Amino acid sequence: MAERITPRHENYSQWYIDIVLQAKLADYSPVKGCMVIRPRGYALWEKIQQIIDGMFKETGHSNAYFPILIPESFIQKEAEHVEGFAPECAVVTHAGGEELEEPLFLRPTSETIIWSMYKKWIQSYRDLPILINQWANVLRWEKRTRLFLRTTEFLWQEGHTAHATSEEAVEETLRMLNVYKKFAEEYMAIPVLTGKKSESEKFAGAVDTYTIEAMMQDKKALQAGTSHFLGQKFAKAFDVTYQTRDGNLEYVWATSWGVSTRLIGTLIMAHSDDKGLVIPPKLAPTEVVIIPIYKTGNKVKVVDYAKRVYESIKGSYSTEFDDDDQYSPGWKFTEWEIRGVPVRVEVGPKDMGADEVTLVRRDTGERTLVKVSQVVEKIKTLMEDIQNSLFLRALEFRKGNTRPISDYEEFKQYFESDGGFAESFWCGSSDCEERIKEETKTTIRVIPFNQPEKPGTCIVCGEKAEQQVVFARAY
RNA sequence: CGGGAUGUAGCCUAGUGGCUAAGGCGCCUGCUUUGGGAGCAGGAGAUCGGAGGUUCAAAUCCUCUCAUCCCGACCA
């Protein structure tokens with residue numbers, strides 16, 4: 001008997017760890033807070049990269065690469081930025097056997113080094129916009145780490161764009177937020193709320209931070225991607241100006257936006273179950289697995305038959321043929337369920353007799369008999385079904401665990417029992433935000449774009465409030 | 001960084017001062033099996049997280065240290 005996966009209702013954190021380790025997505029590394037992304041985890045990341053990168057290219061961006069080492073003085077140029085990041089940075093002080101004259105920071109994010117370069121590259125409005133993305137690793141010295149969700153080193157992409165006008169930069173910020181929303185919903189099958197972050201939750205150095213916010217199966221919120229309007233802060237810090245058409249000098253407007261390997265953690269916590277990983281078809285590195293079921297006497301015949309099925313499927317789907325002789329079919333079923341492969345094709349003597357195969361979908365476990373001649377077509381429908389129903393299930397779950405609440409006592413009770421998302425009005429004061437965080441451990445996850453017609457009263461102080469926001473406990 | 005827990009073979013666990021550190025899973029060999037984690041036989045694998053100390057004697061007691069997990073504070 002292999003190790004069991006801790007059921008979600010017993011211990012959600014442990015369940016998550018069990019999935020990551022047993023599906024062999026990642027492993028702990030010898031270095032505190034770091035992880036090794038194993039081939040199956042990395043295959044997922046490559047799939048995510050490939051799709052999102054295509055979306056970046058479609059919206060006019062190019063990839064580039066900037067160094068991991070950043071001079072200390074650069075980090076310190078933007079006041080809020082340094083305040084936000086300096087405490088969690090690792091710094092190289094020695095190299096080549098000598099102490100460095102100026103310490104070099106391992107990048108926690110690349111705004112500063114990139115804007116030092118933009119200063120060299122931008123002189124005129126003709127040089128704008130610059131639309132650059134980089135795929136990179138970054139390092140943040142976190143106190144408390146969790147596989148994929150928060151590690152000391154993680155992989156991400158960071159887009160950094162430079163624009164002539166504020167309007168253009170804001171437009172870019174929202175465009176990329178929508179790219180993230182589209183990716184989350186159409187590929188990851190995870191519904192997300194979009195909107196702005198409150199002052200206290202925004203990125204250090206941003207004017208405005210926008211977020212895609214998802215609900216996990218334990219009803220906690222998770223920020224899955226952010227897009228920042230940086231205004232002219234970094235342009236001013238690095239003195240990046242351009243000459244306008246009519247000869248004036250103006251500071252450049254900036255955006256930055258990113259998603260990370262955290263998306264893999266998000267994916268796990270949104271869809272997986274007590275049997276293991278559940279991967280939406282559009283992100284599955286392996287879409288179909290074929291398992292021949294034979295006895296010693298009929299092995300050759302069954303494997304032959306299964307192989308023909310494999311031949312007919314593999315052109316259309318990323319397919320694995322598991323004819324390993326050492327493990328029983330039951331063992332294989334369990335194993336491929338842990339790995340989260342969306343569709344399993346069982347091929348045994350019974351199926352062979354009827355010129356059929358058995359299809360089993362990972363999300364519901366539902367079995368269907370289908371003629372070999374129709375198998376590719378049927379898998380196509382199944383894949384679409386799984387993709388859609390994962391999304392709908394997550395959407396229903398979020399809806400069922402979201403409540404408008406206007407009374408603070410009711411709010412407290414809500415989070416003492418079930419919890420979830422609370423839609424409540426907020427007057428905008430950081431005092432009220434701070435108080436509700438202290439008293440209920442909830443934070444403002446997002447100030448949604450979609451606002452009710454009528455204003456209300458602040459959930460905390462009862463004063464008139466223009467904005468309705470979403471409160472939740474968060475990762 | 002505070003509070004708690006844990007660390008014994010690849011994994012899970014027993015052993016709470018005394019003989020050669022025990023068992024299950026996994027792994028290797030062979031045979032038999034195979035429609036939901038198969039069976040039998042044989043075998044390999046551990047300086048008990050690390051360092052120091054107490055003792056005739058330490059996995060076991062003490063000190064320090066490291067790592068992981070859980071709960072907080074801080075963060076993508």
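On a predicted model such as this, the values are computed, not experimentally measured, just so you know. All values below were derived from every heavy atom in this structure, side-chain atoms included, with hydrogens, water molecules and symmetry-related copies excluded. Below, chains carry the letters A, B, ... as their sequence lines are ordered, and counting in each starts from 1.
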Using a strict threshold of under 4.0 Å (side-chain N to carboxylate O), is an ion pair present between A:R361 and A:D363? yes
Just checking, A:R344 and A:F333: is the charged tip under 6.0 Å from the six-membered ring centre and within 45° of the axis? yes
What residue among A:K197, A:R398, A:K220 forms salt bridge (Lys or Arg N to Asp or Glu O under 4.0 Å) with A:E213? A:K197
When the C1' atoms of B:C12 and B:U68 are compared, how many Å lie between them, rounded to an integer? 16 Å
For B:A59 and B:U55, measure between their C1' atoms and round to the nearest Å. 16 Å
Checking A:K412 against A:Y408: charged group under 6.0 Å from the ring centre and within 45 degrees of the axis? yes
Could you work out the separation of B:G35 and B:C71 based on their C1' atoms and round it to a whole Å? 46 Å
Does A:E346 pair with A:R367 as a salt bridge, N-O distance under 4.0 Å? yes
Please work out if A:G33 contacts a base, only the sugar-phosphate, or nothing of the nucleic acid, heavy-atom cut-off 4.0 Å. sugar-phosphate
Which residues within residues 170-190 of chain A lie with some heavy atom under 4.0 Å of an atom in RNA chain B? none
Say we look at B:C27 and B:C11: how far apart would their C1' atoms be, to the nearest angstrom? 11 Å
Span that lies between the P atom of B:U13 and that of B:U54, in whole angstrom: 33 Å
Measuring only the P atom in each nucleotide, how far is B:G3 from B:A76? A whole number of Å is fine. 26 Å
A:H228 vs A:T255, side-chain contact (heavy atoms from CB on, under 4.5 Å): CA-CA, chis, key distance, verdict: CA-CA 5 Å; A:H228 314 288; A:T255 83; over 6 Å; no
What integer number of Å spans the C1' atoms of B:U6 and B:U65? 16 Å
In sequence, state the C-alpha distance, the side-chain angles, and the governing distance for A:V288 and A:V341, and then conclude on side-chain contact (heavy atoms from CB on, under 4.5 Å). CA-CA 6 Å; A:V288 179; A:V341 173; 5.5 Å; no
May I have the distance from A:D18 (atom CG) to B:C69 (atom P), rounded to whole angstrom? 12 Å
Are A:K307 and A:Y310 in a cation-pi setup, meaning NZ or CZ lies under 6.0 angstrom from the ring centre and within 45 degrees of the ring axis? no
Please give, in whole Å, the distance from B:G10 P to A:K24 NZ? 16 Å
Would you kindly give the CD-to-C1' distance between A:Q22 and B:G10, to the nearest whole Å? 14 Å
Stems where RNA chain B pairs, listed by first number, each of three or more Watson-Crick or G-U pairs under 3.5 Å: B:1-7 with B:66-72, B:10-13 with B:22-25, B:27-32 with B:38-43, B:49-53 with B:61-65
Taken in chain and number order and not counting sequence neighbours, the residues that satisfy ring pair (Phe, Tyr, Trp, His ring centres under 6.0 Å) with A:Y16 are none
Whether A:K182 and A:E185 form a salt bridge (side-chain N of Lys/Arg under 4.0 Å from carboxylate O of Asp/Glu) is what I want to check. no
Answer yes or no: is there an ion pair linking A:D273 with A:R362, defined by an N-O contact shorter than 4.0 Å? yes
salt_bridge(A:R140, A:E153) N-O dist < 4.0 Å: no
Residues A:D304 and A:R308 bridged, charged N to O under 4.0 Å: no
Here's a test for you: under ring-ring contact (aromatic ring centres under 6.0 Å, His included), which of A:W156, A:F56, A:Y210 qualifies with A:W257? A:F56
Return a single string for nucleotides 71-76 of chain B, one symbol per nucleotide in 5' to 3' order, where B is base contact, S is sugar-phosphate-only contact and - is none, cutoff 4.0 angstrom on heavy atoms. BBBBBB
Nucleotide nearest A:V360 when distance is taken to its side chain, options B:G37, B:C70, B:G36: B:G36
Face-on cation placement of A:K282 at A:Y187 ring, 6.0 Å and 45° thresholds: yes
In whole angstrom, give the distance that lies between atom CD of A:E335 and atom C1' of B:A38. 17 Å
Check the orientation of A:F238 and A:F74. Use parallel for under 30°, tilted for 30 to 60°, and perpendicular for over 60°. perpendicular
Find every protein N or O atom lying less than 3.5 Å from an N or O atom of nucleotides 7-9 of chain B, and list the pairs.
none

Closest heavy-atom contact between A:T151 and A:R146? CG2-O, 3.7 Å
In whole Å, measure the gap between the C1' atoms of B:A57 and B:G18 for me. 7 Å
Reading nucleotides 27-35 of chain B from 5' to 3' and marking B where a protein heavy atom lies under 4.0 Å of the base, S where only the sugar-phosphate is that close, and - otherwise, the string is S-----SBB
